[in-house]
Amino acid sequence: MIPVLFFLAAAATLAGALGVVLARNPVHAALFLVQTLIGVAVLFLLQDAELVAAVQVIVYASAIVVLFLFVIMLLGVDRAESMEDRVPYQRPAAIALGVILLVELLVLAGHEWATGQPTASGVPLEGGGFGGNVERVARVLFTDFLWAFEITSVLLVIAVVGAVVLARRSGQRGAPIDAPEGADEGDAGAAEEARV
Amino acid sequence: MIAAAPIATPAVDLWAIAPIIALVATGVGLVLIRALLRRNQAVTPVCFSVAVVGLLVAAGLLARQWHRVRDDGPIVSLADMVRVDPFAVFLGIVIVAATLAGLLLAYAYLRREDLEAPEYFALLLLSAAGMLMMTTANDLVVVFVALEVLSIPLYVLVAFDRRRLRSQEAGLKYFVLGAFSSAVFLYGIALVYGATGTTSLSGIATFLAGNTLFEQTTLLVGLGLLLVGLGFKVAAVPFHMWTPDVYQGAPTPVTAFMAAATKAAAFAAVLRIVLTAFPQYRDDWRPILWVLAALSMLVGAVAALVQNDVKRTLAYSSIAHAGYILMGVYAASSRGREAALLYLLVYAFMAIGAFAVVMIAAPGPDDAKHSYDDYRGLAVRRPVLGGLLIFFVLAQAGVPLTSGFVGKLELFGSVAQAGETSDYVLLVIGVLSAVIAFAFYLRIAWTLVTAPDDDTAVAAAYSTRPRRVDGWTGIVLAGAAALTLVVGVLPGTFIHFARDAVFF
């Protein structure tokens, strides 16, 4: 069962990754990215890393892709993506970096951790089993890191207030003082949202 | 399958975090009041009063904490994450005072510039809450979250005057560089955790005292990245690039608040991290701080010399001041810590005073004209205002009988006390920087006392009715001037205050 799942998820991940690179429509590329990220989440699940799998789905496959889609929609979906690079060395550089990453992963996969365990095999945490690392993180979050966890909530309030302040259309005095009408509007607001 | 073991939640000492709770509650309350009153005319005065009361409550709580922690030792709470000691309370008081100044200055300013006041007050208080979290943080994770809590409101506040392109630009710049420095800091935390297995500051020190690392690289790179991340926040050269643009573009009350409070909070983290967590590695971090201090003092002073904008000059001077304070950290002694704390206190008031005058004195609308030409002859036309600015810049220069002199003397003394050759070299660099800085402070003073040429543009700028000093700004100016003078004339009390505060 597990090998079958592994190959299915791996195939979906790879196909999605190819789709991201090859799709001409940016919305399709973003949706292929969802496929890749969910495939990776399944792979994490097979490694007993439930928390990472959940984070992968919640943060990457949903929040970040939604942001991508926002940007794509704001810039106009129907604009066909031009395949010509503005930066000439971008593509070779991307390929070179990809190859370096691949080699790195292959080298790492053949080695051992400092504790003597092989890097390639998943070693479940002691007391693991299903729910193991989720429970552990939850426990730490509400005991040792309670304060950090609580003050993060302040961060969320700030993010909301800040986004509202920056994104609200300034209806107070009309046009910007030292800028042409409409220029740069909501720039920092978008950036603020991206951070949230 | 959930294990049945009960979860032992940590003990929470509400006293320890009471000032933070007061500030956060006030900040959130302001947002609520704003939502309830909506377009009501009274919304700004009501929010302003609530914010002032919240700050005064926080100040009162800090004052009570001060006596308690000084007499009974530090309060450690919330699973060792919060550590309220004299050091934290001292800087907390500086921060709350600077926030109060930022608030009082803003009242007239926001009305004058027609900006949304309640949101400004709320963000200011939440940022101050983040700063208090930073001063009491005893864990790298808390330091990081506090760094974000204090920074994100600042990004928004810097860009608050969105119709002014300079303000937008400053906000975006500060945001991008600030996010970058946070990421660097986070990477540093990860590496330090990898090397020591803990993020607790005292835990790191305990681990390093009891174990010898086979391989130092991870820890040292981590420590370096932590210093880079905080270097951005204290605006130390070479991580100062954002400072002039942001200080110049931000609304002036925000600039005053940043110069005073952000510096205090960031230095709290620097002092705590290097002295609590890495005392065994002082031979590794001291050279880094040496370079940062020397570069900040020299670059800040020299660059300030060639500016044509008063706000920008003061921004560069704040970089030089960060360098002076770094000397106190570099000294790594209790005398150095005392000097750094005292200097953070006195610099906060000198900077607030100078920026308060800048806020009032700039001619024309929109907080945009701050060039030397705009300030020419200010002291002739408005003797009190011009005189105050001269007083504040001379204090920053370190003229005797002002707090700047006492502060610099303590800092230089703490470095001289260590007595190595490299210490004396740093001392010479510091004195050199102070001499160079004197030149541009005198240039500001000279500009203020010389009568304007008959340049029509300048004449036109001044043909408008001079801006009245409102009561709240008057209070800030009087308070800052009084403190700067009192520390300069009778430094004893304040030196004792700082001496009591060196204990972690």
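Naming convention: chains lettered A, B, ... in sequence-line order (proteins, then strands); numbering from 1 in each chain. Atom set for the values below is all heavy atoms of this structure, side chains included, hydrogens, waters and symmetry mates excluded.
Taken from CD in A:E150 to CD1 in B:I17, the straight-line distance is 8.5 Å, to the nearest 0.5 Å. If you take CG on A:L155 and CD1 on B:I152, they are separated by 4.5 Å, rounding to the nearest 0.5 Å. With rounding to the nearest 0.5 Å, the separation of CD1 in A:I158 from OG in B:S127 is 7.5 Å. Note that the CD1 atom of B:I20 and the CH2 atom of A:W147 stand 4.0 Å from one another [nearest 0.5 Å].
For a residue to count as touching a neighbouring chain, one of its non-hydrogen atoms must lie under 4.5 Å from one of that chain's; by this rule B:F160 touches chain A with the side chain only. Neither the backbone nor the side chain of B:L157 comes within less than 4.5 Å of any heavy atom in chain A. Heavy atoms of B:V31 lying under 4.5 Å from chain A belong exclusively to its side chain. Looking at B:D80, neither its backbone nor its side chain comes within 4.5 Å of chain A, counting heavy atoms on both sides. Only the side chain of B:V28 comes within contact range of chain A, with at least one heavy atom under 4.5 Å from a heavy atom of that chain.
Most heavy-atom pairs under 4.5 Å with chain B: of the set A:V161, A:V157, A:I151, this distinction falls to A:I151.
Shown here for A:V154 and B:M133, the closest heavy-atom pair between the two residues is CG2-CE, 4.2 Å.
Taking the side chain as every heavy atom from C-beta outward, B:V156 and A:L166 approach each other to under 4.5 Å. A heavy-atom distance below 4.5 Å is not found between the side chains of B:E148 and A:T152.
The environment of B:E215 atom CD is dense: over 12 non-hydrogen atoms of other residues, nucleotides or ligands sit within 6.0 angstrom. Atom OH of A:Y60 has 12 or fewer neighbouring heavy atoms from other residues, nucleotides or ligands inside a 6.0 Å radius. The number of heavy-atom neighbours closer than 6.0 Å to CD1 of A:I2, taken from other residues, nucleotides and ligands shown, is 12 or below.
For the side chain to side chain contact (heavy atoms under 4.5 Å, CB included) criterion with A:F145, the lone passing option out of B:V141, B:V142, B:V145 is B:V141.
Under the salt bridge (charged side-chain N to carboxylate O under 4.0 Å, His left out) criterion, no residue pair touches residues 22-32 of chain B, with sequence neighbours excluded.
Between the side chain of B:R162 and the backbone N or O of A:R168, at least one donor-acceptor pair lies under 3.5 Å.
Every side-chain hydrogen bond (donor to acceptor under 3.5 Å, both in side chains) that B:S371 has, sequence neighbours left out, goes to B:D374.
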